[in-house]
Amino acid sequence: MKWPILQAFPSFSPRYLRPFLRLCARQSALTIGKKLHALVLTTGVYRIRNSFLLNALLHLYASCGDTPAAHKLFDEIPPSSKDTADWTALMSSFSRDNMPLDALHLFAQMRGNSMEIDDVVMVCLFCACAWLRDVGVGSQVHGCVVKTGFQGRVKVCNAVMDMYGKCGMVGEMRKVFGDMKEKSVVSWTVLLDGVLKWEGVRSGRVVFDEMPERNEVAWTIMIVGYMGSGFCREGFSLLSEMMFHWGFKLNHVTLCSLLSACAQSGDVLMGGWVHVYGLKMMGMEMDIMVGTALVDMYSKCGRVDTAVKVFECMPRRNLVAWNAMLSGLAMHGRGRVVVEMFPRMIEEVKPDDLTFIAVLSACSHSGLVDQGSCYFDSLESVYGITPKIDHYACMVDLLGRAGRLEEAETLIKQMPIAPNEVVLGSLLGSCSAHGKLQLGEHALQRLIEMDPHNTEYHILLSNMYALAGKRDQANALRTVLKTKGIRKVPGMSSIHVDGQVHQFSAGDKSHSKTQDIYLMLDNMIQRLRSAGYVPNTASQVFSGSDGAEDNARDSEEKEQALFLHSEKLAVCFGLLSTKPGTPLYIFKNLRICQDCHAALKIVSKIYNRKVVVRDRNRFHYFKQGSCSCCDFW
DNA sequence: CTAGGGTTAG
């Protein structure tokens, strides 16, 4: 027994142990709680009956988030010694652990056992429905609330609102809010969150301004809302107001929320500011969660080396932290580093399925085919992880990129799970890159069955036909596309300059500096051409032609369309508005196209700039005429 | 002489 406080225990009787367990539950002190549990089992078994010790342990595990342990204890306690609070504890544990169906099932059992249903149970129930994103069940339950008379309780109504908000039914949410006689800050905050999510940042701001009272949660939600819509400057000024005018401090959760918003919007300026604040407030004692959020933020903002520094400075690292670091390195194409770090990781923590998605995609992005296959083979045998669809997708990607398409196809055939869009889409992409028409056609057929409205696949294949000189088939596909109507996600690129986000779509003329940007663009294309750039029209989606034949005018149109790609506009703006030599960081919602990739390589050389592009899949570092992905993406 | 369970930022 290493614990003096336990040695000093006057007696192991429930009378003394119970309050102690309660304290552990309140403080989430699971480690000490487990020791007490062991103590109960080893020394006091004969005294457990009717002592409420098991109930206290149930609450301990439930409030510490150890759902399996809570469930086990719940089953061990005889039904006659369980009351509503015990049932609720397990229910909320299920809800928080993203097991909403188990929570609903438990509720049904509660009713079957004629347990008393009070307002707290109802709150838990709506929480589970919110997680389920199932309005059907939710509104049914809402009907029950009205009947049973819980509609007067503020907290129950808050939970109902939250459910409607999470399910996207803003109208219902607003109605519940409007009908409430009493409203708390939480009611307003739930409303704010729902409105921001579904009606946008402007309507959200209206709610925020109407709030009679705001706590730090409301402020955080509003700031994150701004950041999520690209209004980084507004977010930052609101953060300063919150802290310097209203005197709010940032806690762990606030820090994590803000950092995740910075990661998403690519705002390293605010991210760095939050980092400094965290260091000042907590020094090196920043907890694992904040440390992990920092690693994630720096990685996603293109500063993977800073992410590594933060990671190495963390006093402790858990699985989540390791996963964040490895997937950060993976998206930067640092496959070798991932492979080097992995052995260190398994000395500290047990890897899970997410770890291997990071490791396999790192191998894929870096062309480490043999390494990747080796990890994949050891997944089940060494680490006891059943490969999921995403792992197969990584492998298909890995083999496909390397041109080993037959092996990729065999793997798909041998999979115990039916291939999904990611798997087949990756196969099609590789077929397109390596000109394997037949296999590509086959993959496309299956993809169309899965998602008839997605036209991206048609475009890939029609480009393949065109490249292979099969004009008839290419034209046939164009016709299909035309009749379906091209419903492509518009490509967007953004760039941060002076703390402000500038967003561009293809051919965008809405920016205040549009004239300068287009002058710069003409100039840039000229300089690119004289440096050997040839527009890659094959990678361009057909613009307007009927497909009769590609005349000169048509191909010129295609070239023009290429020049107007959003990332080119963003680069021009960046070149114009930053000092020579400043690296440019560009964020794109889709994958970067072949032509822009080739163009940016030359840009990095002739303008002597480092250009960093975050696309949907990974990062590209253009420097002195080459890209970190080695044209392997 | 029974505590214990619940809603908003992740």
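In the text below, chain A, chain B and the rest are named by the order of the sequence lines, each starting its count at 1.
- Annotation: proximity of residues 211-224 of chain A to DNA chain B (heavy atom, distance under 4.0 Å) is found for A:Glu216, A:Val217, A:Thr220, A:Ile221, numbered in ascending order.
- Within the 4.0 angstrom heavy-atom criterion, no nucleotide atom of any strand lies near A:Ser63.
- Here the P atom of nucleotide B:dG5 and the CG atom of A:Leu125 are 19 Å apart, to the nearest Å.
- Candidate nucleotides B:dG10, B:dG5, B:dT7 were compared by shortest atom distance to the side chain of A:Val253, and B:dG10 ranks first.
- Residue A:Ser260 is classed as having no contact, given no heavy-atom separation below 4.0 Å to the nucleic acid.
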A:Leu104 and A:Met91: CA distance, side-chain angles, deciding distance, side chain to side chain contact (heavy atoms under 4.5 Å, CB included) verdict: CA-CA 8 Å; A:Leu104 292 186; A:Met91 237 180 104; over 6 Å; no
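- Spacing between atom NE2 of A:His59 and atom C1' of B:dG5 amounts to 6 Å, rounded to whole angstrom units.
- Shown for residues 107-122 of chain A: residues whose heavy atoms fall under 4.0 angstrom of DNA chain B, namely A:Asp118, A:Asp119, A:Val120, A:Val121.
- Straight-line distance from the NZ atom of A:Lys82 to the P atom of B:dG5: 18 Å, rounded to whole Å.
- Among residues two or more places apart in sequence or in another chain, the salt bridge (Lys or Arg N to Asp or Glu O under 4.0 Å) test is passed with A:Asp118 by none.
- Shown here are the ring-ring contact (aromatic ring centres under 6.0 Å, His included) partners of A:Phe107, two or more places apart in sequence or in another chain: there are none.
- Cation-pi geometry between A:Lys82 and A:Phe74 is met: the NZ or CZ atom falls under 6.0 Å from the ring centre, inside 45° of the normal.
- Taking the six-membered ring where tryptophan is involved, the planes of A:Trp246 and A:Trp219 are tilted, since the angle between them lies from 30° to 60°.
- At whole-Å resolution of the value, CG in A:Asp83 and P in B:dC1 are 18 Å apart.
- In this view, A:Tyr226 satisfies the ring-ring contact (aromatic ring centres under 6.0 Å, His included) rule with no residue, not counting sequence neighbours.
- Cation-pi geometry between A:Arg214 and A:Phe208 is met: under 6.0 angstrom from the ring centre, within 45 degrees of the axis.
- Looking at heavy-atom distances under 4.0 Å, A:Ser257 makes contact with sugar-phosphate atoms alone, never a base.
- For A:Asp193 and B:dA9, the CG to C1' distance is 8 Å, given to the nearest whole Å.
- In the set B:dG10, B:dT8, B:dG5, B:dG5 carries the atom at the smallest distance from any side-chain atom of A:Ala89.
- Applying side chain to side chain contact (heavy atoms under 4.5 Å, CB included) to A:Trp87 and the options A:Ile117, A:Leu106, A:Leu58 leaves one that passes, A:Leu106.
- Take A:Asp390 and apply the salt bridge (Lys or Arg N to Asp or Glu O under 4.0 Å) test, not counting sequence neighbours, and it matches no residue.
- Near-neighbour residues of DNA chain B inside residues 318-332 of chain A, defined by a heavy atom below 4.0 Å, are absent.
- Qualifying side chain to side chain donor-acceptor pair (under 3.5 Å) partners for A:Lys588, counting only residues two or more places apart in sequence or in other chains: A:Glu567.
- At the heavy-atom level, A:Asn251 lies under 4.0 Å from base atoms of the strands shown.
- Scanning for salt bridge (Lys or Arg N to Asp or Glu O under 4.0 Å) contacts around A:Lys309 gives an empty result, with sequence neighbours left out.
- Taking atom CE on A:Met163 and atom P on B:dT7, their separation rounds to 15 Å, with Å as the unit.
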Show me the side-chain donor-acceptor pairs of residues 262-270 of chain A shorter than 3.5 Å, one per line, residues at least two apart or across chains.
{"from": "A:Ser265", "atom 1": "OG", "to": "A:Ala261", "atom 2": "O", "distance (Å)": "3.0"}
{"from": "A:Asp267", "atom 1": "OD1", "to": "A:Leu269", "atom 2": "N", "distance (Å)": "3.2"}
{"from": "A:Asp267", "atom 1": "OD1", "to": "A:Met270", "atom 2": "N", "distance (Å)": "3.3"}

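- Across the protein-nucleic acid pair, A:Asn158 atom CG and B:dT7 atom C1' stand 5 Å apart, rounded to whole Å.
- Heavy-atom distances under 4.0 Å link DNA chain B to A:Ser92, A:Arg96 of residues 91-101 of chain A, given in residue order.
- Between the C1' atom of B:dA9 and the CD atom of A:Gln264 lies a distance of 14 Å, rounded to the nearest Å.
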Please set out all donor-acceptor pairs under 3.5 angstrom arising from side-chain atoms of residues 190-202 of chain A, sequence neighbours excluded.
{"from": "A:Asp193", "atom 1": "OD2", "to": "A:Lys197", "atom 2": "NZ", "distance (Å)": "3.2"}
{"from": "A:Trp198", "atom 1": "NE1", "to": "A:Gly165", "atom 2": "O", "distance (Å)": "2.8"}
{"from": "A:Glu199", "atom 1": "OE1", "to": "A:Arg174", "atom 2": "NH1", "distance (Å)": "2.6"}
{"from": "A:Glu199", "atom 1": "OE2", "to": "A:Arg174", "atom 2": "NH1", "distance (Å)": "2.9"}

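- Ring pair A:Phe356/A:Tyr383 is tilted by interplanar angle, where 30° to 60° counts as tilted.
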